[in-house]
Undergrad: 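Got a structure for you, written out below as structure tokens; questions coming shortly.
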Amino acid sequence: DLLLGNDFPLEKFAAIETLGDLAKESIEYLTLEKTSSKLLSETCPGPSYPQDLVVLEKMQNGFFDYLLQLREQYGRLVRFVWGSTTFYMISEPEDIREIFVKRTEEFIRGDIFIGIRLTSDLQNVFSAEGAEWKVQRDLAQPLFTRAAIETFCDTIPERVLNCLCDEDGRKVPREVDLTYTSREITLRIILGKLLGINDKSRVKCILESLTDVDNFQVPYFYIFSHKIKNAPIHNEKLGLYFDPLIFEHIDQHLDHPDQYQDILASYIATDFVKAMPRAEQRIYLRSMVFTYILAGFESTGSGLFSTLFLLASHPEKLRKVREEILSAFPDSPLKSQDVLSKLPYTYAAVNEALRLYPPVWFNGREATQDTTFRGIPIQKGDFMLTSPYVIQRNPLYWENPSEFLPERFLEKNVPMGAYVPWGSGPRLCAGKWLALFELILATATIVKDYDINVTYEGEFELTTFFTLRPKNTFRATLTPLP
């Protein structure tokens, strides 16, 4: 009844086994289109009834095609309702700049990322607003500049190979789950930069504790937002495995701050953290660590998976990347200082993978007051939604938008505002440079040393989790090159 808003035959409900089946069976009973109180504004194009049932069905298969179809059918501004939340999906660069850059007082991050807020905590650099966010931003920005991360990034190739080699450090043929291995590689990198953790067993323990943290279907949080909005989600694995290990490292850093040169040590050295009592320091630093781990390794792991999958699926592109790497670094180790200039095609391949499969597939802002946009009334609490997946496949800006063509990023004419995998405006991803160097160096290391063959069963389908990843299991055979 919550989903349908009307009576659904009990005998039909009893015979249904999945939410997808429920959605399919329910659509014929959807009479809301005839109910005047439920009709949406005629001043903005969009579906004329709440989309809960459609979304539940599309989440089983074809959700991202559904978003593309909304833009194609209704244009640059589309209004629709999920649950009790009204969304306006914008997909034009001009509109995105207005919301994300020009009108930041009227439109804030708010609850657009309600899922990650509830699975982490209520205030951190990712979810804070106003003056509190500016404090967190000022602490984070110096730690993630290009200059600040370049020296560390020179250790990335070694960390990648340590993850792929056997116990004796030898490169051997192996078959891996590409999604899992991509996340393990990026977690090893972020843990090294964040906490100085290099131990394989600890990395795997943390990875296992984080397995289900962001496995939430984003649309669910909006459909059922009135029930879960202020109810943080308890994850038993975090309490049992993640927290004890992280607090151990926090305590070691607090007791011996001069012995470490990582992000955690940099935070501890700030006046902001020094002014806190010990108990408050531990809680704040745990929140910071968890936020960076979740935002860092999940999104970058998704990007690494997409890059390797697309290269393996396009042998001629893979060959070009390998030839470029071997030409630029025939005998010397990969260096972050040279990688952008010496590996332009590899850089382009990473950018093209992020265009086709942006790790964070949705973004947006919440209206802080009643206002208007393009002459359309916007109520306080409405969301202005953008999807990089939709924007970056818009045929108005991208020729052959569904094709993997790294060459388009070599032409230096990427449409301004039509490529937004890092977000837009003042809250652009703080870890952009770290993520970019991770992706390029990890891709280059693997392609230089291994041949890659990827297989999967069934039709390729994406989840609607916080970070984009496939529903299918992808098996990658990695064969060491002579």
Side-chain angles (χ1 to χ4, degrees), residues 15-27 51 53-70 72 115 173-186 207-208 210-220 223 297-318 349 352-362 387-390 392-393 400-405 443 446 450-479:
I16 288 172
E17 296 183 355
T18 70
L19 283 172
D21 293 337
L22 173 63
K24 291 176 183 177
E25 292 289 337
S26 303
I27 287 175
Q51 293 287 283
L53 298 175
V54 178
V55 170
L56 286 173
E57 179 185 6
K58 295 300 184 182
M59 282 168 59
Q60 310 303 313
N61 186 37
F63 178 81
F64 293 96
D65 289 335
Y66 157 73
L67 291 182
L68 292 172
Q69 289 163 5
L70 285 178
E72 183 178 351
R174 57 182 305 192
E175 184 180 285
V176 300
D177 179 327
L178 187 58
T179 306
Y180 181 92
T181 300
S182 298
R183 296 169 78 232
E184 182 181 359
I185 288 171
T186 54
L207 181 59
E208 292 301 322
L210 295 171
T211 299
D212 301 322
V213 169
D214 88 328
N215 286 5
F216 55 84
Q217 305 279 7
V218 169
Y220 282 154
I223 292 174
F297 102 95
E298 284 284 3
S299 57
T300 314
S302 171
L304 181 58
F305 164 83
S306 299
T307 303
L308 295 175
F309 162 62
L310 287 166
L311 286 174
S313 303
H314 297 79
E316 74 286 359
K317 312 296 185 187
L318 178 61
E352 178 69 344
L354 296 179
R355 182 190 71 82
L356 283 170
Y357 300 112
V360 180
W361 60 267
F362 74 107
S387 172
Y389 187 95
V390 173
Q392 295 171 183
R393 290 172 179 253
N400 301 315
S402 298
E403 294 187 21
F404 179 61
L405 299 171
T443 298
I446 295 170
Y450 293 89
D451 190 30
I452 311 168
N453 182 54
V454 178
T455 60
Y456 64 96
E457 294 182 0
E459 184 178 349
F460 180 72
E461 182 64 30
L462 297 165
T463 69
T464 55
F465 294 159
F466 173 72
T467 50
L468 206 62
R469 70 179 87 144
K471 292 181 180 180
N472 321 62
T473 297
F474 283 69
R475 307 301 302 178
T477 302
L478 303 177
T479 307

Undergrad: Does the side chain of P470 reach to within under 4.5 Å of the side chain of T179, using non-hydrogen atoms?
TA: yes
Undergrad: Roughly how far apart are F305 CZ and T181 OG1, rounded to 0.5 Å?
TA: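 These two atoms lie 11.0 Å from each other.
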Undergrad: Measure the NZ-CG distance between K317 and L311 for me, rounded to the nearest 0.5 Å.
TA: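 Spacing of NZ (K317) from CG (L311) equals 10.0 Å.
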Undergrad: Only counting residues at least two apart or in another chain, list the ones meeting side-chain contact (heavy atoms from CB on, under 4.5 Å) with T464.
TA: M59, F63, F64, Q217, P219, W361
Undergrad: Roughly how far, to the nearest 0.5 Å, is the CG atom of L304 from the CG atom of L178?
TA: 7.5 Å
Undergrad: Starting from the C-alpha separation in whole Å, work towards a yes-or-no answer on side chain to side chain contact (heavy atoms under 4.5 Å, CB included) for I452 and L478.
TA: CA-CA 5 Å; I452 311 168; L478 303 177; 4.1 Å; yes
Undergrad: My understanding is that only residues two or more places apart in sequence, or in another chain, count here; which of them pass side chain to side chain donor-acceptor pair (under 3.5 Å) with Y456?
TA: none
Undergrad: Which residues pass the side-chain contact (heavy atoms from CB on, under 4.5 Å) test with P359, sequence neighbours left out?
TA: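 For P359, the residues satisfying side-chain contact (heavy atoms from CB on, under 4.5 Å) (neighbours in sequence not counted) are S299, S302, L354.
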Undergrad: Check R174 against V176 and note the closest heavy-atom contact, atom names and distance.
TA: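 Of all heavy-atom pairs spanning R174 and V176, the closest is NE-CG1, 3.5 Å.
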Undergrad: With sequence neighbours left out, write down each residue that passes side-chain contact (heavy atoms from CB on, under 4.5 Å) with E175, or none if nothing qualifies.
TA: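 In terms of side-chain contact (heavy atoms from CB on, under 4.5 Å), with neighbours along the sequence ignored, E175 is linked to R475, T477.
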Undergrad: For T186 and R183, indicate whether the former's side chain and the latter's backbone hold a donor-acceptor pair under 3.5 Å.
TA: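 Indeed, once roles are kept as given, a pair shorter than 3.5 Å links the two residues.
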Undergrad: State the OG1-CG distance between T467 and L462, to the nearest 0.5 angstrom.
TA: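 With rounding to 0.5 Å, OG1 (T467) is 11.0 Å from CG (L462).
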Undergrad: Checking R393 now: which residues fulfil salt bridge (charged side-chain N to carboxylate O under 4.0 Å, His left out) with it, not counting sequence neighbours?
TA: none
Undergrad: Rounded to the nearest 0.5 Å, how far does CG of D65 lie from CG of L70?
TA: 11.0 Å
Undergrad: Quick one: do V55 and Y220 satisfy side chain to side chain contact (heavy atoms under 4.5 Å, CB included)? Show the steps, please.
TA: CA-CA 9 Å; V55 170; Y220 282 154; over 6 Å; no
Undergrad: What's the separation between atom CG in L468 and atom OG in S387, rounded to the nearest 0.5 Å?
TA: 8.5 Å
Undergrad: Return the set of residues passing side-chain contact (heavy atoms from CB on, under 4.5 Å) with E403 (not counting sequence neighbours), or none when no residue passes.
TA: N400, L405
Undergrad: On a heavy-atom basis, which atom in V390 and which in L68 lie closest, and how many Å separate them?
TA: CA-CD2, 3.9 Å
Undergrad: Partners of E72 by side chain to side chain donor-acceptor pair (under 3.5 Å), sequence neighbours excluded?
TA: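 Partners of E72 under the side chain to side chain donor-acceptor pair (under 3.5 Å) test: none.
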Undergrad: Any heavy-atom pair between the side chains of E298 and F466 that's under 4.5 Å?
TA: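 SC-SC contact between F466 and E298 ruled out.
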Undergrad: Tell me which one of K58, Q51, E57 satisfies side chain to side chain donor-acceptor pair (under 3.5 Å) with Y66.
TA: Q51
Undergrad: Are F362 and Y389 close enough that some pair of their side-chain heavy atoms sits under 4.5 Å apart?
TA: no
Undergrad: Minimum heavy-atom separation for A312 to V454, with atom names?
TA: CB-CG2, 3.6 Å
Undergrad: Name all pairs fulfilling the salt bridge (charged side-chain N to carboxylate O under 4.0 Å, His left out) condition that reach into residues 457-466, sequence neighbours left out, sorted by first residue then second.
TA: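 Passing the test, one end in residues 457-466: no pairs.
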Undergrad: Going by the rule side chain to side chain donor-acceptor pair (under 3.5 Å), which residues pair with E352 if we only count those two or more places apart in sequence or in a different chain?
TA: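 Result, side chain to side chain donor-acceptor pair (under 3.5 Å) vs E352: R355, R408.
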Undergrad: Considering residues at least two apart in sequence or located in another chain, which fulfil the ring-ring contact (aromatic ring centres under 6.0 Å, His included) criterion with F460?
TA: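 Once residues adjacent in sequence are excluded, the partners of F460 under the ring-ring contact (aromatic ring centres under 6.0 Å, His included) criterion are F309, Y357, F474.
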